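As structure tokens, the structure follows; a few thoughts come after it.
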Amino acid sequence: MGRIRQLSDSLANQIAAGEVVERPASVVKELVENSLDAGASRVEIDLEDGGMRLIRIRDDGEGIAADDLPLTVSRHATSKIRTLEDLEKVLSLGFRGEALASIASVARFGISTATADAPHGSRLEFAAGGEPRILPTAHPRGTTVEVHDLFFNTPARRKFLRAERTEYGHCEEVVRRLALGRFDAGFTLRHNQKATFALRACGTPAEQEQRVATLCGAPFLQSALALEVEASGLLLRGWVAQPAFSRSQADLQYFFVNGRVVRDRLVSHAVRQAYRDVMYHDRHPAFVLYLEIDPALVDVNVHPTKSEVRFRESRMVHDFLFHTLHRALAQARPGAAEAPARTAAIEAAAAPPPVAMPASQHALWQRPDAAALAETVAAYRALGTTGLAELPPAPAWGPGESDGDVPPLGYAIAQLKGIYILAENRDGLVVVDMHAAHERITYERMKAARDAGGVRAQPLLVPQVVAVSRREADCVEQHAPALAELGLELARAGEEAVMVRQIPVLLAGADIAALVRDVVADLLEYGSSARIGAHADEILAGMACHCSVRANRQLSITEMNGLLRDMERTERSGQCNHGRPTWALQSLAELDRLFLRGR
């Protein structure tokens, strides 16, 4: 291979560019992050040909001193860190000091800037392989960076770029992430002189929610649960969608650590576990979450693009995320909390004006009254299908009652095709899938009974030996007491083997070897495992499904109302054990629009 030689600066810069600059979106990310680190309250992004021909970023930040401009295209030059201590508690989005140098090595590059105390602006022009030139220019406080003809000097890399639409889509996604992470700044994105969106800085929670609705879609925010939980020095806030709002891809998942958007396996695992028994296996949750943590407890210097982090206390972070989201989803049941005002505001903005209703109009069905109900049924049977107009009027609310006293799921009206319960609440018509609802109620009761009595375990008649690696055997030895609490008794049987002596009763007949390997893999990766509980829950879910009311079973009004009340008391009753929704609401306004009332 020849002698060892020092690489030239230009070649070293292009190698670094291969890590930092993958496509136009990578350039947009680095430049906008620099603008935000400079204190910008407004950032404008202009792109042409998906960013391949032009990327222009303007900001109103603090600007760059004229004497510092040559350093912007030098490697490892930055104003964001000074010492090793600064690197251990990074709060800025950028800190490596190589982005501009890497970009300038593969494009035609220019910077125009001015500081607040400068008599005039300055401009740096640089083409890959040339010398930087600095000229005076007129420029307001802030910085404008222009990147022309990306990869013009590296055709082999340029040919790997995709179509204009594809590259622009990646750029738009980068700006969306940054806009979700920094509510204090305004963002404008234009492509080929056409505005994609213009977002003003957000000063209130309502404005933040409006930005989330704009960037993620109003349906996401309407179905989302707002979170703000603090414990053990960690703060988690944001929005997490209810299971009914699931996605076929993990394309609406934004997680920020101290303002930095990251993709982290530990976070993904905690979220999946929180949604474990309320969502189909091939569906993905949606969320916009912000974790605030002591910067000294998280290492952001583990990836060239700064898209990954490493937590010093990974087990604590994992458990905090899981328990916080698990509790939030468990509380999402009918009547657990009033619908947030933000949802009503978004719906009001999108919906037509409400239709005025006659003051004398009464509801289709009110609180069941035994005498009135018997009279109505008898009259209906006597009249057959022709005398509906002669039926007695529906019974009114009980004395002294108002709409505010109606339970969240209202009162049963009837049963449809032996499958659905129809009920009326104060907002309109509620439709309940009775089998799905009863399945969730039964399942939650079984889990509560199991947890109250502890995990029942049974010893194996013949202990089973499972072959593992030495590292996995060490892990089993370390976590043996914790596994025993879950009903799984393991003991080391050699350097690379463990012996299974006892398993939970519910897992009799399961593939023990596969279960052990999966549990140990989780312990090595995350410091904990929910495999045993997941397998047990799957068995309980199957039992609950078989024990629940089946389709075509006729229920009385009393039984239907009893099921509605149980739903209101049961955690996660908005979804069945398989992730399907258990009930839906058709509001009176939606019914009015359906029948063109008021037009």
Side-chain angles (χ1 to χ4, degrees), residues 212 216-217 219-229 234 236-256 262-291 314-315 317-334 336-337 433 436-437 439-441 443-444 446-448 451 518-519 521-522 525-542 544-545 567 570-584:
V212 172
C216 301
F220 165 75
L221 196 63
Q222 290 170 358
S223 69
L225 304 169
L227 295 176
E228 186 163 355
V229 179
L234 304 174
L236 182 68
R237 57 185 178 84
W239 300 268
V240 57
Q242 298 191 56
F245 185 87
S246 61
R247 312 279 290 183
S248 60
Q249 299 178 355
D251 59 348
L252 213 169
Q253 297 183 351
Y254 300 99
F255 192 85
F256 299 83
V262 300
R263 291 278 186 179
D264 188 85
R265 289 184 301 172
L266 181 142
V267 171
S268 299
H269 183 267
V271 173
R272 285 198 309 270
Q273 289 301 309
Y275 277 90
R276 187 183 66 209
D277 62 353
V278 291
M279 185 172 288
Y280 282 113
H281 295 303
D282 59 347
R283 304 293 292 179
H284 300 271
F287 54 84
V288 179
L289 293 171
Y290 305 83
L291 177 66
S314 58
R315 172 72 179 272
V317 173
H318 179 279
D319 290 350
F320 172 72
L321 294 176
F322 166 72
H323 290 298
T324 300
L325 298 178
H326 187 69
R327 284 195 299 269
L329 295 172
Q331 295 166 2
R333 61 184 186 272
D433 183 331
E439 185 180 13
R440 168 59 68 178
I441 293 167
Y443 177 43
E444 293 297 330
M446 285 181 170
K447 288 199 297 183
D451 296 341
D518 288 343
V519 168
D522 284 346
E525 180 72 20
Y526 309 108
S528 63
S529 178
R531 299 275 182 176
I532 298 173
H535 281 281
D537 286 350
E538 288 175 5
I539 294 170
L540 289 180
C545 182
M567 289 179 65
T570 301
E571 293 182 343
R572 306 175 190 87
S573 60
Q575 296 78 34
C576 75
N577 309 345
H578 312 292
R580 294 190 297 109
T582 59
W583 68 285

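Side chains are part of it too, since the values below use all heavy atoms of this structure and drop only hydrogens, waters and symmetry mates. Since the model is a prediction, treat every value here as computed from it, not as a measurement.
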Parallel, tilted or perpendicular: which one describes the rings of F287 and F255, with boundaries at 30° and 60°?
perpendicular

Do the side chains of V317 and L266 get nearer than 4.5 Å, heavy atoms only?
yes

Sidechain-backbone polar pair: R237 side chain, E228 backbone, donor-acceptor under 3.5 Å
no

Distance in Å, M279 CE paired with R247 CZ, rounded so as to fall on 0.5 Å steps
11.0 Å

List in chain and number order the residues that pass side-chain hydrogen bond (donor to acceptor under 3.5 Å, both in side chains) with R572, two or more places apart in sequence or in another chain; answer none if no residue qualifies.
H326, E444

One should read off an interatomic distance between H269 NE2 and D264 CG, to the nearest 0.5 angstrom, of 12.0 Å

Residues that Y275 engages under ring pair (Phe, Tyr, Trp, His ring centres under 6.0 Å), provided they are two or more places apart:
none

Nearest 0.5 Å, please: how far is OG in S268 from NE2 in H318?
10.0 Å

Euclidean distance, Q242 CD relative to Q222 CD, rounded to 0.5 Å
11.5 Å

Interatomic spacing from CH2 in W583 to CG in D433 - rounded to 0.5 Å:
13.5 Å

State which residues pass side-chain hydrogen bond (donor to acceptor under 3.5 Å, both in side chains) with S246; sequence neighbours excluded, sorted by chain then number.
R283

Does the side chain of R440 come within less than 4.5 Å of V278's, by heavy atoms?
yes

Would you please name every residue forming a side chain to side chain contact (heavy atoms under 4.5 Å, CB included) with Q249, sequence neighbours left out?
D251

Contacts of A250 that satisfy side chain to side chain contact (heavy atoms under 4.5 Å, CB included) - sequence neighbours left out:
Q253, H284

Evaluate the side-chain proximity of V240 to P285: yes if any heavy-atom separation is below 4.5 Å, no if none is.
no

Could you tell me which residues satisfy ring pair (Phe, Tyr, Trp, His ring centres under 6.0 Å) with Y254, sequence neighbours excluded, listed by chain and number?
none

Give me the atom names and distance for the closest heavy-atom approach of A270 to L321.
CB-CB, 3.9 Å

Closest heavy-atom pair and its distance - T582, C576:
CG2-N, 3.4 Å

Let me confirm one number: the CG-CG distance from L325 to L289, rounded to the nearest 0.5 Å.
6.0 Å

Closest non-hydrogen contact found for A224 with W239 is CB-CB, 3.9 Å

So, the side chain of T570 versus the backbone of I441: is there a donor-acceptor pair under 3.5 Å, distance only?
no

